[in-house]
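First the structure, in the form of structure tokens, and then the observations on it.
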Amino acid sequence: MSPAAPLPEYGDRLRDEVRLLGGLLGEVIRDEGGQDLYDRIEAVRQASVAYHRDPASNDASRLEALLAALSLDDAVGLAHGFAAFSLLANVAEDRAGKRRAQEQTAAGARADTPDGALQRLDAAGASRADVRELLAGALISPVLTAHPSEVRRKSVIDRIAAVSDLLDACDQTGAACDIDARNAGLRRQVTILWATRLVRRTGLVVQDEIDTVVSFLDRVFLHVAPAQLADWRRRLEAPDLAPFIRIGTWVGGDRDGNPNVDGAVLTAAFRSQARAVLRFYLDEVNALGAELSLSGSLSAISPALRALAEASGDRSPHRADEPYRRALSEIYARLAATHPVLTGQPAPRAPSFAAEPYAGPDAFRADLAVLQDSLVSNHGAVFEDDRLAGLITAADVFGFHMATLDLRQNSDVHERVVADLLKVAGVCDDYAALEEDARLTVLAAELASGRPLFNPYAACAEETLKERGILQAAAEALRLFGPQAIRTHIVSKTDAASDLLEVYLLLKEVGLYRPSDPAACPVQAAPLFETIDDLRASRPTLERLLREPSALAVARARGVQEVMIGYSDSNKDGSYLTSTWELHEASQALKGVTDAAGLRLQLFHGRGGAVGRGGGSSFAAVIAQPQGTVAGRIRVTEQGEVIANKYGEPEVARRNLDALTCGVLLASLRPPEDETFTARHGETAAALSRASMAAYRALVYETDGFVDYFRAATPIAEIADLKIGSRPASRTASTAIEDLRAIPWVFSWSQSRVMLPGWFGFGSAVTELLDGGTDMDELRTMARDWPFFRTLIQNMEMVMAKADMTIARRYASLVPDSALAERIFAAIEGEWDRTRAAVLAITGQAALLGGQPELDRLIRLRMPYVEPLNHVQIELIRRRRAGDDDPRVREGILLALNGVAAGLRNSG
């Protein structure tokens, strides 16, 4: 596959690597797929470039003819080829990003690196003691969630990692690298990639999503998170600094709208996680046993180590005078005995003798600490930072559970289940009909009572039994894995305090909430405020909740009340600008509530990959949070293809974890904001928000035929029908926008290259304010001096640079009613022109991303390979909707979805 004309200003190494990988893929396509397929791919690429330059040109008109003439096999092969190239181009781009980061880190220029952040904190007057104190009580948690915009198989992710590893290994050997051997290895991996199905032929089940998340935990996080913690301990001279990075996951516990998640799935999730972490521990203990051959007759040992060695079941005469090995044999045997208890399967390699399983990770860590204390006290600091120290740090971070699993369910489900339990128990015949105050009275009385509501001999609804089964599985997981296994139960669609008390009542039914000691409840109910109306009502809802003794007791025991705020549904509800502003305002309001209750606020940001769902730089997003709302504690969802992009490779993952940490430090320890500045410009932002929401809702909710246009001019039907994820695209059978999940809503607009959720409404809002007398200089000042507004503009620029109205017009041609298509597309294109003009006027740039040249070059480098996939996708969708139900049409559409998502990198 021939690369597009290079951008000479961008840097030779990236260009050369793109050419290398593209050339190898081209060779493979010729050898494996034939010269004819290669020629067709190249012809479509060239026609696509010509179409982009001028859709009315004669050269561009060839595109339609080429696509229409493609056989189905050629169309699938073309989609496969361009999708594979997008994946390989990502490798070169990621490596270029690593090189830039290393160069900028060495120069001390990056605020999102530990050195850069600490330098800025020094300049702001924050001491190392301040940093240590903050991190000692910090929680920084990326939470991995399932996501239907990630359609790559694990096999594909592994092949991409292998390509990256080969290039990295050659870098490390420098001039000694055997280029021919490297290229042969790359050719082998590219051949395997070409011959591997890039997408699944069958729909996902939840276990597939569990396996994908665990593969990232196993391959990347197990190694990176402990190394990062050890590095911060060294930097801050704080060897006992507790883990502040806690990896979370939703997969297996999130049942909101997913009928496939039940108690068995939750159990399977924990078993899968435990299997990975225990096998890692077993391998490390085995390796330490091979390494620590110190003889007791040649070196002193501590009394604690002597006792541990003597208690070992290892009776081998060959290790009689090797106390460390004997102790490690005991540790290995106990871990191996723990393995079947927690995973349901025997350990992969049996120990030489039987031993008691560990009661929990603390006992395992304590045994390891005995070895380390003996080594350090008798042999010095050379043993303070070695393999054993790394294993101890891993145990600190991951325990036996590996990742904290959140529970999540919709408040409507809780209402029905509680109503069923109350009715069966004879407490209340129609709980759902009660007003809020009456509900709270009933719930408070039941939470104070030790009597359970569930009767195993009564006829409860199937939904009630399923929810109870999930919570019973959660209680068992907490018993087996400890309090870090599950910390939070998130309630979607929260609009009243009773929505949270219902959770505590259900937790009481499985023994997790005890009326005699509510503070001991290991799981906190956390509201999720998603829509614009919910965000605006969040303050009184939380105030009312914290007046309830049960909820307040749980919060005070932790010192924090967690609240999740949703970027996706608020955006779908009211526009990107309005969503961002309402989230900003709600965050400040919620902090006021927790301050008044003597608690800390812990915000959980439900961000997606796309800008329309809160995507963009995590570092910039944290810095842009309102003053005081971070305070060392933040959780952030990481979803879909973004997980692979940010955490698919150890060095990239480390950089992203450090960036998140640095953002939290800078946001938490920065000097107070100028309240006069934020108040004055806040009024302008609020006015922009109102105007943006009006323009957005006028199109999405008030324009006749808009739903029909959306469903025809985007691949939403294909996304829903092709079962990319394990849950349906809509929460109900309705076709209304309100009932559509935010993920497919944003993903559809990204695939069709409109990117509407990331920018629509801003241009009209700026025009309205300028017409009303607002000075453009004020907007420029806001973009320059206010992190909140600056980040908003930069994110809009990025998403607009990936949008393309020329390609979007071709998607509009899929709408059967041409008059409807022209009317609505004209409205979208008009707002695009207004928004682009407004962004350029505010930034003072001649073109989008004029202030971010590296990002601009990256996007321009990859778009010639994304656009052919859009064109092929349109052609195959046209065929499918015309009645062609050949399975290869489905495969081709999936490949195109895959390739576009990989090329755009943050589309879902």
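Just so you know, these numbers use all the heavy atoms, side chains as well, and skip hydrogens, waters and symmetry mates.
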With a 4.5 Å cut-off on side-chain heavy atoms, are V560 and L601 touching?
no
Using distance alone, with no hydrogens and no angle criterion, decide if S293 and Y324 have a side-chain donor and acceptor under 3.5 Å apart.
no
Between the side chains of Q228 and T661, is a donor N or O closer than 3.5 angstrom to an acceptor N or O?
yes
With salt bridge (charged side-chain N to carboxylate O under 4.0 Å, His left out) as the criterion, how do R334 and E356 come out once you've worked through the C-alpha distance, each side chain's angles and the decisive distance to 0.1 Å?
CA-CA 6 Å; R334 295 193 68 185; E356 289 296 313; over 6 Å; no
Under 3.5 Å, is there a donor-acceptor pair between the side chain of D231 and the main chain of A227?
no
Could you walk me through whether I245 and L229 pass the side-chain contact (heavy atoms from CB on, under 4.5 Å) check?
CA-CA 8 Å; I245 292 283; L229 175 60; over 6 Å; no
Measure from the side-chain N and O atoms of Q372 to the backbone N and O of L368, and report whether any donor-acceptor pair falls under 3.5 Å.
no
Between E562 and R487 (salt bridge meaning N to carboxylate O under 4.0 Å), is one present in this structure?
no
Do Q172 and D168 have side-chain atoms, one donor and one acceptor, less than 3.5 Å apart?
no
I'd like to know if the side chain of S312 reaches the main chain of R326, judged simply by a donor and an acceptor atom lying under 3.5 Å from each other, with no hydrogens or angles considered.
yes
Could you tell me which non-hydrogen atom of Y281 sits nearest to which non-hydrogen atom of A395, and how far apart they are?
OH-CA, 3.4 Å
Working to the nearest 0.5 angstrom, can you tell me the gap between L292 CG and F383 CZ?
7.0 Å
May I ask you to decide whether D122 forms a salt bridge with R128, counting only side-chain N to carboxylate O separations under 4.0 Å?
yes
Student check: side-chain heavy atoms of L167 and L186 closer than 4.5 Å
yes
Heavy-atom side-chain proximity of T404 to I247 below 4.5 angstrom:
no
Please name all residues satisfying side-chain contact (heavy atoms from CB on, under 4.5 Å) with D385, sequence neighbours left out, ordered by chain then number.
R234
Answer yes when D115 and R110 have at least one side-chain N-carboxylate O distance shorter than 4.0 Å, and no when they do not.
no
Would you say the side-chain atoms of R654 pair up with the backbone N or O of V224, donor to acceptor, closer than 3.5 Å?
no
Considering only NZ, NE, NH1 and NH2 on the basic side and carboxylate oxygens on the acidic side, decide whether E17 and R99 come within less than 4.0 Å.
yes
Would you check if the side chain of R246 reaches a backbone N or O of V397 as a donor-acceptor pair within less than 3.5 Å?
yes
Under the side-chain contact (heavy atoms from CB on, under 4.5 Å) rule, what do R159 and L87 come out as? Steps first, then yes or no, please.
CA-CA 10 Å; R159 296 284 64 72; L87 294 170; over 6 Å; no
Test your reading of the model: is there a side-chain donor-acceptor pair from D130 to the backbone of A126, 3.5 Å cut-off?
no
Decide, yes or no, whether a salt bridge links D171 with R13 under the criterion of side-chain N to carboxylate O below 4.0 Å.
yes
Matching residue for F481 among Y358, F270, F400, F398 - test: ring pair (Phe, Tyr, Trp, His ring centres under 6.0 Å)
F270
Under the 3.5 angstrom rule, does the side chain of S377 hit a backbone N or O of D373 as a donor-acceptor pair?
yes
Are any non-hydrogen side-chain atoms of L528 and R408 less than 4.5 angstrom apart?
yes
Do V265 and I470 pass the side-chain contact (heavy atoms from CB on, under 4.5 Å) test, and can you show the C-alpha distance, the side-chain angles, and the key distance before you say yes or no?
CA-CA 9 Å; V265 166; I470 289 169; over 6 Å; no
Are the charged groups of D314 and R319 less than 4.0 angstrom apart, N to O?
yes
Would you say that L308 contacts L371 through its side chain, given a criterion of any heavy-atom pair below 4.5 Å between the two side chains?
yes
Where do L217 and A403 come nearest, in terms of heavy atoms and distance?
CD1-CB, 4.0 Å
Please find out if less than 6.0 Å separates the ring center of F216 from that of F221.
no
Nearest non-hydrogen partners of L478 and A485, listed with the distance
CD2-CB, 4.5 Å
Atom CG of L388 and atom CD of E291: how far apart are they, to the nearest 0.5 Å?
8.5 Å
Which pair of non-hydrogen atoms, one from L305 and one from A327, has the smallest distance, and what is that distance?
CD1-CB, 3.9 Å
Salt-bridge criterion met for R387 and E284 (N-O under 4.0 Å):
yes
Distance from T488 atom OG1 to L405 atom CG, nearest 0.5 Å?
10.5 Å
Do R558 and Q524 pass the side-chain contact (heavy atoms from CB on, under 4.5 Å) test, and can you show the C-alpha distance, the side-chain angles, and the key distance before you say yes or no?
CA-CA 9 Å; R558 296 190 177 201; Q524 184 175 70; 3.6 Å; yes
Is atom CD of Q345 surrounded by more than 12 heavy atoms (other residues, nucleotides or ligands) closer than 6.0 Å?
yes
Is there a side-chain contact between L407 and I486, using heavy atoms and a 4.5 Å cut-off?
yes
State the CD1-CG distance between I392 and D367, to the nearest 0.5 angstrom.
10.5 Å
Side-chain donor/acceptor of T343 to backbone N/O of A274, under 3.5 Å
no
With rounding to the nearest 0.5 angstrom, report the CE to NE2 distance, M564 to H605.
10.0 Å
For the residue pair I157 and R219, establish whether any side-chain heavy-atom pair is separated by less than 4.5 Å.
yes
Looking only at side-chain N and O atoms, does D396 offer a donor or acceptor that is under 3.5 Å from a partner on T393?
no
R670 side chain to I623 main-chain N or O, any donor-acceptor pair under 3.5 Å?
yes
To the nearest 0.5 Å, what is the distance between OG (S127) and CG (L121)?
9.5 Å
Backbone N or O of L603 within a donor-acceptor pair of the R635 side chain at under 3.5 Å?
no
For R325 versus G289, what's the shortest heavy-atom pair and its separation?
NE-O, 2.7 Å
Closest non-hydrogen atom pair between A300 and H379, with its separation:
O-NE2, 4.2 Å
Should V143 and D406 count as side-chain neighbours, where that means a heavy-atom distance under 4.5 Å?
yes
